[in-house]
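Each ligand, and each atom within it, is numbered from 1 in the order the structure gives. In what follows, every heavy atom counts, from backbone to side chain, and hydrogens, waters and symmetry copies are set aside.
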Amino acid sequence: MMKHVLVTGGAGFIGSNFVRYLLRVEPDVQIINLDALTYAGSLENLQGLPHERHVFVHGNITDRTLVTELFEKYQIDTVVHFAAESHVDRSILGPAPFIETNIVGTFTLLDVAREKWAGRQDVRFHHVSTDEVYGTLAPDAPPFSETTPYDPRSPYSASKASSDHLVRAYWHTYGLPVSLTNCSNNYGPYQFPEKLIPLMILNALQGRPLPVYGDGQQIRDWLYVEDHCEGIYRVLRSGQEGETYNIGGGNQPTNLEIVQRICALLDELAPAGAPHDRLITFVQDRPGHDRRYAMDTRKMQTELGWQPHESLESGLRRTVQWYLEHLDWVAAVTRKSDFKDWLTANYDQRERKQQ
Ligand code: NAD
Ligand code: DAU
C-alpha cells in the first residue's frame, strides 16, 4: 500500500527530487510534503507540481500535534523521511539544530507512527540516511557494507547514526514496519550551494576562489540524485521490512579531482578567457575530516536490481548545465537564506595553505 505518502524535508535537495520522481512513477499517489523551510528548503524547489496530488505543509517534524493531525487527516500509510540538518560544516559550527531535528524530530515521527499504525503491517516508515554513519576508511580498506559497525565522527553523522538506531529500535521493539537506506554523496539539480559541487560551480562562475579543504585528497563516492530517488523507491516497493540497504555511485574520485572536472566542464560550457582551475585555493581543513567513504551496493543490486544510470562524467555534465541554466534559482534560494553570512562564518577564518 502506498497511497498517502508523508514526505518530510520534501522542499530540500533530495526530497524535492524525490517528490518529482514519485509523482512521475506513481500516478495515483498523493504526497503530503512536510517541511520547515529552513535555509536549505525552498518552495522554489517545488514549482509547477500538481496541487491535487502534492500538498505542501509548512511545519516542523518535532511538532507532535501537527504530525499527528497529518497522519489522521490524510490517512498516511507511508513515510519517507528526508528532513534533516544535512551540512557537516554547519554541524561543526553549531550542532544544536542537528540534535533537535535529526534525533528528536526522527523520534517524534516514529512515535506518532507507532501510535497511529498500531498493529498494521500494510504501512512503511522509510528512513533516509547516510554513509557517514560508518566513519572513515583507509585507502585500501574494503567499502562499507550494511553490517559495518557504526563509527560516526562529526555532530552531523552522530545525529544521523542516533536516528538510524532509533528507527531500528522501533522495528525490534514495537514491530513498526521500517526500512533504511544509507547513501553516499548526492549531487544534481536543486542542491543548495553550500555543498562542494554547486559551491565550486558558482564560485568559479563568479571568479571567486575555489576553497579545497586540506590537501584535497579526501575521497567521496558520488551519486546522481535521481539514481538515489530510484533506489529509495525500489526499497519502498520491494525492500524487506527491518532491512538496511546501502546506495552509492561506485566511484572514488578525490575532492581535488571533482573540482578539476568542474573547472574543465566550465572551460567548455562557460569559457572565461582563462582556465577556471587557476581559482583553486587550498584552505584549512575541516576538523575531524573523514578521509574516505566507499559503498558496497551489492545488496541493492542483487535483491532489488538497482544500479545507477548516470556515470560521474555524465552526471557532472548534466549538473553543471543545470546550474548554468538556473542562475535565477540560485539567486532566489541564496537571497532568502543566510547564505552570505554562512560564507563569511565558514570561509573567512580559514587560512590559505600552500600545496
Ligand atoms: P537538505 O539540507 O537539502 O534538505 C533538508 C530539508 O529538510 C530542507 O527542506 C529543510 O527545510 C527540511 N528540514 C530541516 N529541518 C526540518 C524540521 N525540523 N522539520 C521539517 N523540515 C525540516 O538535505 P538533503 O541533502 O536533501 O538531504 C536529505 C536527507 O538525505 C537527509 O536526511 C540527509 O541526511 C540524507 N542524505 C543526504 C545526502 C547528500 O549527499 N545530500 C547523502 C545521503 C543521505
Ligand atoms: O556522504 C554523504 C553525505 O554527503 C551526506 O550525508 C551529507 O548530508 C552531505 O552534505 C555530504 O557530506 P560531505 O561533507 O561529504 O559533503 P560536502 O559537499 O560538504 O563536502 C564534500 C567534500 O568536499 C568533503 O570532503 C569536504 C570537501 N569540501 C567541501 C566544501 C563545502 C571542500 O574541500 N571545500 C568546501 O568548500
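At a heavy-atom distance under 4.0 Å, only backbone atoms of Ser184 (N, CA, C or O) approach ligand 2. At a 4.0 Å heavy-atom cut-off, ligand 2 touches Lys195 through backbone and side chain alike. Heavy atoms of Glu194 found under 4.0 angstrom from ligand 2 belong exclusively to the backbone. At a heavy-atom cutoff of 4.0 Å, ligand 2 is contacted by no atom of Asp290, backbone or side chain. Contacts between Asn185 and ligand 2, counted as non-hydrogen atom pairs separated by less than 4.0 Å, involve both the backbone and the side chain. Residue contacts with ligand 2 for Asn255 involve side-chain atoms from C-beta outward but no N, CA, C or O (heavy atoms, distance under 4.0 Å).
A salt bridge links Arg291 to Asp215: at least one charged side-chain nitrogen sits closer than 4.0 Å to a carboxylate oxygen. Ion pairing between a basic and an acidic side chain is recognised when a charged N comes within 4.0 Å of a carboxylate O; Arg261 and Glu257 show such pairing. Between Asp290 and Arg220 there is no salt bridge, since no side-chain nitrogen of the basic residue lies less than 4.0 Å from a carboxylate oxygen of the acidic one. By the 4.0 Å N-to-carboxylate-O rule, Glu115 lies close enough to Arg64 to be salt-bridged with it. Using a 4.0 Å cut-off between charged side-chain N and carboxylate O, Glu194 and Arg90 make a salt bridge. Electrostatic pairing of Arg298 and Glu146 does not count as a salt bridge here, judged by no charged N lying under 4.0 Å from a carboxylate O.
Under the 30°/60° scheme for interplanar angles, the aromatic rings of Trp117 and Phe71 are found to be tilted. The aromatic rings of Trp329 and Tyr323 lie perpendicular to each other, with more than 60° between the two planes, well past the 30° mark.
For ligand 2, the atoms closer than 4.0 angstrom to any heavy atom of Tyr156 are 5 (C), 6 (O), 7 (C), 8 (O). Set against the non-hydrogen atoms of Tyr293, the atoms of ligand 2 under 4.0 Å away are 1 (O).
Residue Thr130 has at least one N or O atom closer than 3.5 Å to an N or O atom of ligand 2. Taking only nitrogen or oxygen atoms, main chain and side chain alike, Leu199 does not reach within less than 3.5 Å of ligand 2. Between Tyr347 and ligand 2, at least one N/O pair is under 3.5 Å apart. For ligand 2, one of its N or O atoms has an N or O atom of Leu196 under 3.5 Å away. Annotation: Trp222 places no N or O atom under 3.5 Å from an N or O atom of ligand 2; distance criterion only.
Figure legend: Lys299 and Tyr245 shown as a cation-pi pair, the cationic atom lying under 6.0 angstrom from the six-membered ring centre and within 45 degrees of its axis. Relative to the ring axis of Tyr213, Arg286 does not place its NZ or CZ within 45° and under 6.0 Å from the centre.
Scanning all protein heavy atoms for the shortest distance to atom 34 (N) of ligand 2 gives Pro211 O, 2.8 Å. Summary of contacts: the protein heavy atom closest to atom 14 (O) of ligand 2 is Arg286 NH1, 2.6 Å.
Taking the six-membered ring where the residue is Trp, the centroids of Tyr39 and Phe192 are separated by under 6.0 Å.
Near ligand 1, heavy-atom contacts under 4.0 Å come from Gly9, Ala11, Gly12, Phe13, Ile14, Asp35, Ala36, Leu37, Thr38, Ala40, Gly41, Gly59, Asn60, Ile61, Phe82, Ala83, Ala84, Ser86, Thr101, Val128, Ser129, Thr130, Tyr156, Lys160, Cys183, Ser184, Asn185, Asn186.
Judged as a salt bridge (Lys or Arg N to Asp or Glu O under 4.0 Å), and not counting sequence neighbours, the contacts of Glu310 are Arg318.
Taking a 4.0 Å cut-off on heavy atoms, His289 registers as neighbouring ligand 2.
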